[in-house]
Amino acid sequence: MATLLTAEQVMESPRAPREIEVPASTVWPFVLAFGFTLLFAGLVTTMSVSALGAVLAVAGCIGWFREVFPHEHEEVVPIVPEDIRITTERRTVERLPVAAYQLRAWLPVHTYPISAGVKGGLAGAVAMAVLACAYGVLKAGSIWYPINLLAAAVYAESLKLGPAQLYSFHADSFEIALVLHLIVSALVGLLYGAMLPMFARRPIVLGGLIAPALWSGLIYTILGVVNPLLASHIDWAWFIASQVAFGIVAGIVVARQSRMITQENLPFAMRAGIEAPGMIPPRENGEDGQ
Amino acid sequence: MSAMANSYPQAPANWALPDRGKVAMAGLIIAESAIFTIFVVAYLFYVGKSLTGPSPREVLETPIFYTICLLSSSLTVHLAAKSLARDRVGAFLGLWVLTIVLGGAFMYGTAQEWHRLIYEHGLTISTNLFGTTYYSLVGLHAFHVTAGLLMLSMVAIFALVGRVGVQHSRRVEVLSMYWHFVDAVWVVVFTVVYVVGR
Amino acid sequence: MQALRSTNSFARGPLAVLLSVIWQASAVVGATSPALSPTNIFAPESTPAKSIAHLSVFVLIITGIIFVVVFTLLVYSLIKFRGRAVDAGREPAQVFGSTQIELAWTIIPILIVVVLFLATARVIHAIQDAPQPPSAIEVTAIGHQYWWEFRYPKLGIVTANEMHIPVSDPENPTPTFLTLLSADTDHSFWIPELAGKTDLIPNHPNRMWMDPHRIGIFLGQCAQYCGVQHAKMLLRVSVDSPEDFAAWVRSQQQPAVQDASVETGRRVFESTACINCHAVAGTNANGRFGPDLTHLMSRATIASGAAPNTPEKLRLWIQDPNKIKPGSLMPAMQLSGTDLDAVVSYMETLR
Amino acid sequence: MSSNAITVPGVQIDEKPWVDTLHEWVTTVDHKRLGVLYILYALLFLVIAGVEALIIRIQLMFPHNHFVSPEVFNRLFTLHGTTMVFFMGMPILFGFANYLVPLMIGARDMAFPRLNAFSFWLSALGGFLLYFSLVGANGLYGAGNAPDVGWWAYAPLTARAFSPGHSTDYWTLALLVSGFGSIGTAINIIATILCMRCPGMKLNRMPLLAWLNLVMAGMVLIAVSPLTAAQAMLLIDRYLGGHFFDTQAGGSAVLWMHFFWIFGHPEVYILIIPCFAFMSEIIPVFSRKPIFGYPVMVAATLCIGFVSMSVWAHHMFSVGMNSYANSFFTITTMAVGVPTGIKIFNWLGTMWGGRIQFKVPMLFCIAFLFQFLIAGLTGVMLGSAAFASQLTLSYFVVAHFHYTLVGGVVFAVFAAICYWYPKITGRMLNETLGKLHFWLFLIGFHLTFDLMHFPGLLGMPRRIYTYEPGRGWNTLNLLISIGGFIQAIAILLFVANLIISYFKGAKAGNDPWDAWTLEWATSSPPPAYNFASIPVVASRRPLWDLKHPEDPDSRYE
Ligand code: HEA
Ligand code: HEA
Ligand code: CUA
Ligand SMILES: [Cu+2]
């Protein structure tokens with residue numbers, strides 16, 4: 001609890017000071033600054049200006065030094081008694097609607113740990129990779145095919161691969177594709193982890209179908225720019241299937257992580273983990289906070 | 001108004017904040033480090049890019065002895081500050097003066113090296129890129145050593161007339177922070193100029 | 001569009017009016033048609049400029065979507081949560097934050113950034129690391145304070161201010177590769193419809209290329225501040241058909257025309273300081289400080305576009321360059337009236 | 001109520017002889033007075049550099065216009081850019097930091113009051129030194145000896161060979177001198193925030209303004225120092241015949257670019273972060289809600305500070321770096337958008353569910369949000385190296401940075417002045433004049449700088465004193481110039497408002513906005529000692545706790 005005193009209280013309080021010492025005004029910093037500037041100004045005018053600057057600077061230094069040594073020069077200012085009002089007209093504070101039994105300051109208690117999302121994302125990544133490679137083996141006849149295509153997103157060398165080389169192993173493409181795949185999957189997983197509890201009704205539907213559909217639509221529109229090689233070789237049915245596989249696996253893994261409150265009757269504020277004052281009677285030790 | 005506390009506020013019992021002198025010196029050191037970094041980068045960038053001689057390999061000699069002087073002055077200044085904190089003013093004064101002597105020796109070394117470069121090898125700041133970067137970097141450091149020596153000497157004078165006591169120990173510590181910094185910079189400058197730059 | 005509708009419902013305040021005007025105006029002007037300007041970056045005529053324009057539209061769309069979304073949120077909350085008189089004496093619910101929401105609006109932008117980066121990185125690579133085919137034309141462009149020097153080392157041509165290059169047929173590409181040098185300060189080579197800009201920096205040779213798909217004159221100008229007359233360091237690139245280009249090359253390779261009727265002019269030229277700064281192939285004038293004048297009359301403008309190449313302007317220029325281009329590094333030569341006329345006539349024979 | 005005249009312009013000052021008043025202000029070491037000095041001095045330079053901009057705009061109204069000579073034009077944009085960044089932007093923000101930080105953390109003064117005065121005078125005299133170039137040497141004719149190398153002063157244009165005389169030296173020395181001042185102030189701000197907080201004011205309870213100024217000051221240390229070093233090198237070149245940037249002797253022009261932008265980019269965040277701080281204080285108060293996501297806001301600021309140290313070469317996309325460097329600086333540049341976006345979203349989150357009061361300071365904040373959004377997005381376009389190779393060095397860049405600097409910094413500064421004016425002077429600003437100022441400035445701003453994007457897209461380079469007709473730039477430039485004059489009228493109104501309200505404004509009382517931070521817990525203007533008794537706090541909103549004792553924040557922290 002913050003405390004501030006009115007001036008009268010200060011006056012009444014036996015330990016409160018009647019007057020306060022503040023640093024005394026002094027001209028020396030100004031003199032030093034002026035001398036310093038003249039010192040430089042001499043370079044663009046004449047040397048005598050620099051000489052004057054040097055003299056002023058030395059004087060400023062000495063003056064300043066004597067201002068703080070042996071002790072700092074202060075002057076005394078009497079306290080002017082004043083009536084400071086700290087008050088408000090706005091007396092009523094509204095509350096967010098929360099479930100009746102959730103009498104907590106921090107809402108809600110149960111949310112996914114961030115790691116849950118990442119785990120889900122990585123699991124989804126595996127599922128997606130399995131499907132993509134399956135596609136490579138079944139349809140294209142080489143497990144490296146989808147990997148080379150993915151790498152072309154960043155790696156312009158891959159763009160230059162002829163049709164034949166697309167089917168063979170390239171260490172650089174492989175590394176790039178792997179890193180890219182893992183990073184994006186982890187990020188998307190994190191996003192799922194954060195958003196699923198907010199839209200709690202059917203996590204798997206949301207994460208497994210709606211999100212992949214949105215995502216695929218997005219990719220569909222931008223792929224030509226981001227990865228033209230992939231765009232020209234893509235099989236959209238398989239692509240969407242692998243997105244859905246990602247979503248479902250990620251959703252399941254996230255949902256498994258901790259048993260969270262998914263009651264849909266909870267207000268959005270709680271599902272979104274909004275931090276706000278609760279409806280509670282004051283805590284006993286409320287005074288010291290933290 | 002009912003909100004007003006009606007007792008004089010009590011500060012939290014363990015309310016301690018860092019010393020402002022030290023924080024400020026740390027800030028200054030950060031800023032100075034950035035300045036030195038730029039000069040060091042320029043030096044390294046131009047290594048071997050001079051269009052004319054002389055080159056560092058031809059003219060530089062490694063100043064081992066003076067380097068040792070400067071580095072050991074870090075130790076003496078530390079011990080001096082410690083002595084003052086324990087109120088042993090005599091020891092403080094001795095060590096402090098020793099620090100100044102060591103720093104002075106270093107400056108003497110630099111002066112000698114410059115004299116040799118200028119008069120024996122004709123290398124000045126405008127000779128070539130090496131000259132420009134060398135004198136700037138080493139000169140910037142020498143400038144800092146000189147400034148440090150001036151401040152150290154001032155304290156020494158006050159100490160000699162008996163005006164320095166344990167109550168000034170904090171200020172002296174701040175000054176010694178600066179001196180350590182100047183030494184640390186020398187390690188970098190030394191490496192860059194006399195090891196990497198050749 | 002969504003933003004438009006929500007602004008209309010907010011039509012109470014002048015803010016709304018202003019915003020929708022801006023929005024619509026920018027939509028109109030944003031659909032920049034090529035006719036708008038001869039230096040429109042959205043009317044590309046060569047591969048590098050085209051891939052940049054393509055990428056630009058993509059970036060504009062993404063940022064446009066971000067704008068619409070955030071703007072809608074802003075306007076919505078301004079309307080929905082504006083303070084009302086009935087709420088006097090009440091504070092709204094005090095909300096401190098939400099980790100999940102923060103996470104969401106951190107990750108979505110990260111993903112967007114990744115996409116933008118990938119799209120950009122590939123275009124950079126495609127433009128900057130393009131190999132030079134053997135059929136390429138090589139030009140060395142040298143920036144001088146307020147004029148351009150063009151050298152065609154393989155063809156033995158030196159010219160100034162107006163560059164000629166052949167049109168490049170996609171079937172049989174003849175791109176032009178430029179080496180960019182500077183004789184004094186920084187400059188930047190910019191023909192918006194042909195390629196992005198690249199600086200000309202002393203001690204720092206640069207490279208760029210273009211493969212124009214259309215015949216015509218392309219305009220541009222120096223883009224990097226280089227001194228007093230940075231503004232009048234204009235560029236003209238003439239993209240010629242292969243035949244025209246070959247003809248141009250042949251004519252440029254000739255030494256200067258020797259025309260007996262302007263003998264006096266030539267003598268004045270060769271006996272004044274002109275020759276310290278200018279070269280005319282086949283004479284004793286071989287200065288390099290100013291533009292090569294061997295084929296001066298083959299150029300449509302003088303002083304890098306500061307004036308059209310007409311006898312009057314040429315006369316004015318030689319009399320006092322500052323009248324046309326104040327700050328230009330060519331001094332007024334103080335020629336007498338007759339000498340001046342003679343020199344101008346001489347210049348006019350340099351085709 | 002507050003009838004206090006010990007500090008800051010008060011009624012009683014008028015009764016003293018003016019020499020005494022002057023003496024008081026020159027010798028003062030009070031952080032509030034120094035803050036006011038900073039702000040007034042910066043406003044003076046705002047008008048000076050604004051008039052320079054107006055001359056620029058008159059010259060560019062029509063193609064082939066002859067209002068000023070090319071030499072004068074080049075001096076004008078150099079002075080305009082340099083002044084606006086170094087003698088308007090930085091000082092005004094330092095001024096607010098000086099005034100507000102001690103009050104907001106419950107301190108009696110800055111950590112080093114004398115250093116504070118010294119730093120202020122260095123900054124101020126640096127500005128005067130720069131303007132002395134107008135009368136130095138050649139006198140006033142043709143703008144005298146003023147620097148004409150642009151505010152980045154690229155080498156080798158600054159070398160003796162291309163810039164004889166002293167014009168470039170004025171630029172260097174003025175920035176060097178004020179740079180020392182900036183470093184001094186930054187050290188002072190850091191020491192104040194770390195060492196002078198009132199009891200209970202833990203780091204995680206500090207107002208965001210204090211936090212953001214801490215980050216800003218840290219960036220000043222790391223960013224302004226390289227500029228100082230580079231200036232020292234330039235001086236060595238120009239006075240001692242060194243070759244750092246002498247391209248004839250093997251020196252590198254590109255090295256200067258790197259050095260300048262290692263400073264220059266963080267510099268723009270130094271300018272914007274305190275403005276973020278104003279947003280973070282003003283938006284909550286007029287939305288009647290605490291800032292959304294306080295810890296995230298702090299983290300995002302630190303993140304911006306860090307990342308912005310590694311993006312400098314996005315100003316050099318036309319310089320001819322290899323494709324890897326260009327890609328690297330593309331990703332880092334765009335990455336800055338993420339934490340910045342977080343901040344924008346958090347301000348929206350703060351407004352969401354609040355009760356927004358459209359007072360003048362809040363109007364400026366809303367305009368800030370809208371404009372900074374666009375400014376940031378054009379920044380992202382410039383950050384895409386390939387796109388940037390078309391946009392860079394064109395008027396599109398000029399539009400981008402005026403959107404950030406005027407639409408961002410100047411709007412935020414106006415918000416801050418309108419918000420804290422009652423605290424500083426004890427009087428309310430006139431609301432009607434304020435609204436008029438706001439709308440006029442908004443219209444002028446958008447007319448000028450929205451349209452400025454298009455000449456850039458149509459190939460108009462920056463820093464040209466005149467241009468060719470027939471390129472589609474004419475009408476746009478005319479409208480842009482008109483916008484500049486509307487801004488000028490708005491600023492005139494604002495200045496008038498400041499003066500009139502100072503004498504005629506309603507008394508403010510200590511807490512006119514019903515706010516929650518400590519500066520509102522003392523009288524307006526505050527006494528020399530700030531607080532009669534040092535406050536003790538237990539939450540981020542100490543005044544909320546006092547106003548709602550039944551429901552204090554301290555309970556939830
Ligand atoms: C206050 C000053 C300020 C600020 C804050 C910024 C912010 C940014 N600037 Fe700007 N800039 C300048 C001042 C400023 N700039 C100046 C003065 C110059 C020119 C100097 C000169 O040449 O004279 C310049 C020049 C400049 C250039 C060089 C142009 C050139 O000369 O070629 C570039 C290039 O990348 C750039 C980029 C950016 C970016 C990416 C940001 C980012 O910080 C913006 C981040 C904000 C957002 C992106 C919007 C909000 C975010 C969201 C809503 C989240 C979603 C968004 C995404 C996922 C993208 N700026
Ligand atoms: C904080 C920084 C800031 C601010 C606020 C401004 C504000 C303005 N700027 Fe500036 N500008 C820069 C920073 C800034 N600028 C920088 C860094 C550059 C780059 C320089 C370089 O290239 O080196 C630049 C460059 C620049 C150019 C490009 C020059 C060129 O490349 O050729 C232009 C052109 O229009 C311009 C215009 C304006 C205008 C019209 C305003 C207006 O918003 C100004 C409004 C203010 C006023 C108008 C003052 C009010 C006046 C009065 C109250 C008095 C009334 C008097 C009369 C009417 C006579 N600026
Ligand atoms: Cu050449 Cu500008
Ligand atoms: Cu930048």
Side-chain angles (χ1 to χ4, degrees), chain C residues 14 22 29 36-41 52 55-56 59 63 66-67 70 73-74 77-78 81-83 87 91-97 102 105-106 109-110 113 116-117 120-121 123-125 128-129 185-186 188 192 196-199 201-204 206 221 223-225 228-231 326-327, chain D residues 69-71 74 150 154 156-157 162 247 252-254 288-290 292-294 296 318-320 323 326-327 330-331 334-335 337-338 341-342 345 348 351-357 369-370 373 377 380-381 384-387 389-390 393 439 446 450 454 457-459 461 463-466 471-472:
Chain C
I22 294 164
V29 189
L36 220 52
S37 162
T39 46
N40 184 349
I41 68 168
I52 292 174
L55 173 75
S56 309
V59 175
T63 47
I66 298 175
F67 172 75
V70 181
L73 287 175
L74 175 65
S77 42
L78 288 182
F81 303 112
R82 67 184 185 279
D87 296 322
E91 298 278 28
Q94 305 291 301
V95 169
F96 297 109
E102 301 281 357
W105 67 41
T106 310
I110 293 183
V113 163
L116 286 175
F117 166 68
T120 304
V123 175
I124 297 173
H125 182 80
Q128 277 193 266
D129 301 343
T185 60
D186 302 348
S188 193
K197 56 184 87 58
T198 310
D199 292 359
I201 300 170
N203 279 350
H204 185 93
N206 273 335
Q221 69 191 81
Q224 180 70 278
Y225 178 61
V228 184
Q229 269 299 351
H230 159 63
Chain D
S69 69
E71 288 87 352
N74 295 344
Y154 270 6
L157 207 53
F162 301 106
T247 47
S252 167
V254 179
R288 311 303 311 157
K289 279 176 67 211
F292 194 86
Y294 174 99
V296 185
S318 66
V319 163
S323 55
N326 281 337
S327 307
T330 295
I331 183 79
M334 290 184 175
V338 176
I342 294 176
F345 294 131
L348 286 178
M351 284 160 47
W352 195 276
R355 299 233 197 295
I356 301 170
Q357 302 173 306
L369 286 185
F370 170 67
L373 171 66
L377 294 175
V380 169
M381 298 174 202
S384 161
F387 197 177
S389 73
Q390 287 283 20
L393 301 174
W439 287 108
H446 283 282
D450 291 7
F454 298 106
L457 298 176
L458 299 181
R463 295 175 166 180
I464 52 175
Y465 78 92
T466 190
R471 305 222 164 161

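Here is how names work: the chains are called A, B, and so on, in the same order as the sequence lines, proteins then strands, and each is numbered from 1.
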Handout entry: Residue among D/Pro290, D/Pro70, D/Pro156 with most heavy-atom pairs under 4.5 Å to chain C
Key = D/Pro290

Practice task
Identify which of D/Ala335, D/Ala253, D/Gly354 forms the greatest number of heavy-atom pairs closer than 4.5 Å to chain C.
Solution key: D/Gly354

Exercise for the section: Find the distance between OG1 (D/Thr330) and CZ (D/Phe387) and round it off to the nearest 0.5 Å. Expected result: 13.0 Å

Practice task
Select, from C/Pro326, C/Pro109, C/Gly83, the one with the greatest count of heavy-atom pairs under 4.5 Å involving chain D.
Solution key: C/Gly83

Problem - Flag side-chain contact, heavy atom, 4.5 Å: D/Leu393 against D/Pro461 - result: no

Completion exercise
Applying a strict 4.5 Å limit to non-hydrogen atoms, the region of C/Ile110 in contact with chain D is both

Fill in the blank from the handout: Taken to the nearest 0.5 Å, the spacing of C/Ile124 CD1 from D/Ser323 OG works out to 7.5 Å

Handout entry: Non-neighbouring partners of C/Thr39 that pass side-chain hydrogen bond (donor to acceptor under 3.5 Å, both in side chains), sequence neighbours left out
Key = C/Ser37

Fill in the blank from the handout: Rounding to 0.5 Å, atoms CD (D/Gln390) and CG (C/Asn40) come to a distance of 9.5 Å

Practice task
Give the member of D/Gly293, D/Gly472, D/Gly150, D/Ser252 that has the highest number of heavy-atom pairs under 4.5 Å with chain C.
Solution key: D/Gly293

Problem - Working for side chain to side chain contact (heavy atoms under 4.5 Å, CB included), residues C/His230 and D/Ile464 - result: CA-CA 6 Å; C/His230 159 63; D/Ile464 52 175; 3.7 Å; yes

Exercise for the section: Below 4.5 Å from any heavy atom of chain C, which atoms of D/Tyr294 appear? Answer side chain, backbone, both or neither. Expected result: backbone

Handout entry: Heavy-atom proximity to chain C below 4.5 Å, by part of D/Leu373
Key = side chain

Exercise for the section: Tell me, for C/Ile41 versus chain D, whether the close heavy atoms (under 4.5 Å) come from the side chain, the backbone, both or neither. Expected result: both

Exercise for the section: Output, in order, the C-alpha distance, side-chain angles, deciding distance and verdict of side chain to side chain contact (heavy atoms under 4.5 Å, CB included) for D/Asn74 and C/Tyr225. Expected result: CA-CA 9 Å; D/Asn74 295 344; C/Tyr225 178 61; 3.2 Å; yes

Exercise for the section: Output all residues satisfying ring pair (Phe, Tyr, Trp, His ring centres under 6.0 Å) with D/Tyr465, sequence neighbours left out; order by chain, then residue number. Expected result: none

Problem - Stepwise side chain to side chain contact (heavy atoms under 4.5 Å, CB included) test for C/Leu74 and D/Met351 - result: CA-CA 9 Å; C/Leu74 175 65; D/Met351 284 160 47; 3.7 Å; yes

Completion exercise
What one should report as the nearest heavy-atom pair of D/Ser384 and C/Thr120 is OG-OG1, 3.0 Å

Exercise for the section: May I ask you to name which of C/Val70, C/Val123, C/Ile66, C/Leu73 has the most heavy-atom pairs under 4.5 Å with chain D? Expected result: C/Val70

Problem - Options C/Ser56, C/Pro192, C/Pro202, ranked by heavy-atom pairs under 4.5 Å with chain D, top entry - result: C/Ser56

Practice task
Could you tell me which portion of C/Thr106 (side chain, backbone, both or neither) has an atom closer than 4.5 angstrom to a non-hydrogen atom of chain D?
Solution key: both

Practice task
Heavy-atom distances under 4.5 Å only: say whether D/Val319 touches chain C with side chain, backbone, both or neither.
Solution key: both

Practice task
Let me know if C/Gln224 has heavy atoms under 4.5 Å from chain D in its side chain, its backbone, both or neither.
Solution key: both

Practice task
Give, as side chain, backbone, both or neither, the part of C/Asn203 having an atom under 4.5 angstrom from any heavy atom of chain D.
Solution key: side chain

Exercise for the section: Tell me, for C/Val228 versus chain D, whether the close heavy atoms (under 4.5 Å) come from the side chain, the backbone, both or neither. Expected result: both

Practice task
Name the option with the most non-hydrogen atom pairs under 4.5 Å to chain D; the candidates are C/Ser77, C/Ser188, C/Pro92.
Solution key: C/Pro92

Fill in the blank from the handout: Of D/Asn326, D/Leu348, D/Leu377, D/Val254, the largest count of non-hydrogen pairs under 4.5 angstrom with chain C goes to D/Leu377

Handout entry: Check: C/Gln94 main-chain N/O paired with D/Lys289 side-chain donor or acceptor under 3.5 Å
Key = no

